[in-house]
Amino acid sequence: MQYWLMKSEPEEVSVDDAIAAPKSTVPWTGVRNYQARNFMRDQMRVGDGVLFYHSSCAEPGVVGLGEVASTPYPDPTQFDRKSKYYDAASKKEEPRWTLVDVHVRKKTRLLGLPELRAAKGLEDLVILRRGNRLSITPVEAKHWRQILKLLGET
DNA sequence: GCCAACGTTGGC
DNA sequence: GCCAACGTTGGC
């Protein structure tokens, strides 16, 4: 069992959007970074914990809890000419981009970036490290536990 | 809108 | 395979 932090831009898919989706589950489309893709393709397992994180917005931070809800499969948007995630170089027989479904179990209070940065013990959280821009990052078990505590989850 | 940090591309 | 130029991310 592993844990992950997954960034979503609320203007694209907010935590409310995700919860409102059928089965409160959304395909994690649009990842076009190999490292992030590899996490989904090679390391994620159904049931892994997910921190749903809002980025590129007024109040970035953790806003929801969920889990990985599928095994990896090709991201359909890479073949969709009308999608902004269309990738002309990706072939159907050899898809370049892979994703998983994420089930959002509950919306939490906003645990914002400033609060995350101020929390003793979270200094090494990948997302807080300088220059980190990865949209999907692993979360250590101890960090996961501390974040749940900060959220008032037990 | 700025810009630091990092990833990707492409000429050589 | 190197690396400069360019593009993107994402907080501020």
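Worth knowing before you read on, the calculation uses all heavy atoms, side chains too, and leaves out hydrogens, waters and symmetry mates. Every chain is numbered from 1 and lettered A, B, ... according to where its sequence line falls, protein lines coming before strand lines.
Take His54(A) and apply the ring-ring contact (aromatic ring centres under 6.0 Å, His included) test, not counting sequence neighbours, and it matches Phe52(A). Every residue two or more places apart in sequence or in another chain that forms a side chain to side chain contact (heavy atoms under 4.5 Å, CB included) with Ser135(A) is listed here: Lys7(A), Val31(A), Ala36(A). By the ring-ring contact (aromatic ring centres under 6.0 Å, His included) test, Phe79(A) is found to be paired with no residue, residues two or more places apart in sequence or in another chain being considered. Scored by the side chain to side chain contact (heavy atoms under 4.5 Å, CB included) test, Ala89(A) finds Asp87(A), Arg96(A) as partners (sequence neighbours excluded). In terms of the side chain to side chain contact (heavy atoms under 4.5 Å, CB included) criterion, residue partners of Val68(A) (sequence neighbours excluded) are, by chain and number, Trp4(A), Met44(A), Asp48(A), Val50(A), Val100(A).
The CG-C1' distance, from Leu128(A) to dG10(C), rounds to 13 Å in whole Å. A straight line from CZ of Arg129(A) to P of dG10(C) spans 16 Å, rounded to a whole angstrom. Regarding Arg130(A), its CZ atom lies at a distance of 17 Å from the P atom of dG10(C), rounded to whole Å.
Each side-chain hydrogen bond (donor to acceptor under 3.5 Å, both in side chains) pair with one or both residues in residues 11-25 of chain A, not counting sequence neighbours, appears once here: Glu12(A)-Lys84(A), Glu12(A)-Tyr85(A), Ser14(A)-Asp17(A), Asp16(A)-Lys107(A).
The bend of the helix from dG1(B)-dC12(C) to dC12(B)-dG1(C), defined by the angle between the axes of its first five and last five pairs, stands at 10° to the nearest 10°.
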Listed pairs, N/O of protein and of nucleotides 3-9 of chain C, under 3.5 Å:
{"from": "dT8(C)", "atom 1": "O2", "to": "Arg133(A)", "atom 2": "NH1", "distance (Å)": "2.5"}
{"from": "dT9(C)", "atom 1": "O3'", "to": "Arg133(A)", "atom 2": "O", "distance (Å)": "3.2"}

List the atom pairs, donor and acceptor, that lie under 3.5 Å between side-chain atoms in residues 140-149 of chain A and the rest of the protein, sequence neighbours left out.
{"from": "His143(A)", "atom 1": "NE2", "to": "Gly121(A)", "atom 2": "O", "distance (Å)": "3.3"}
{"from": "Gln146(A)", "atom 1": "NE2", "to": "Lys120(A)", "atom 2": "O", "distance (Å)": "2.6"}

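Put simply, the side chain of Asp75(A) does not reach to within 4.5 Å of the side chain of Thr98(A), judged on heavy atoms.
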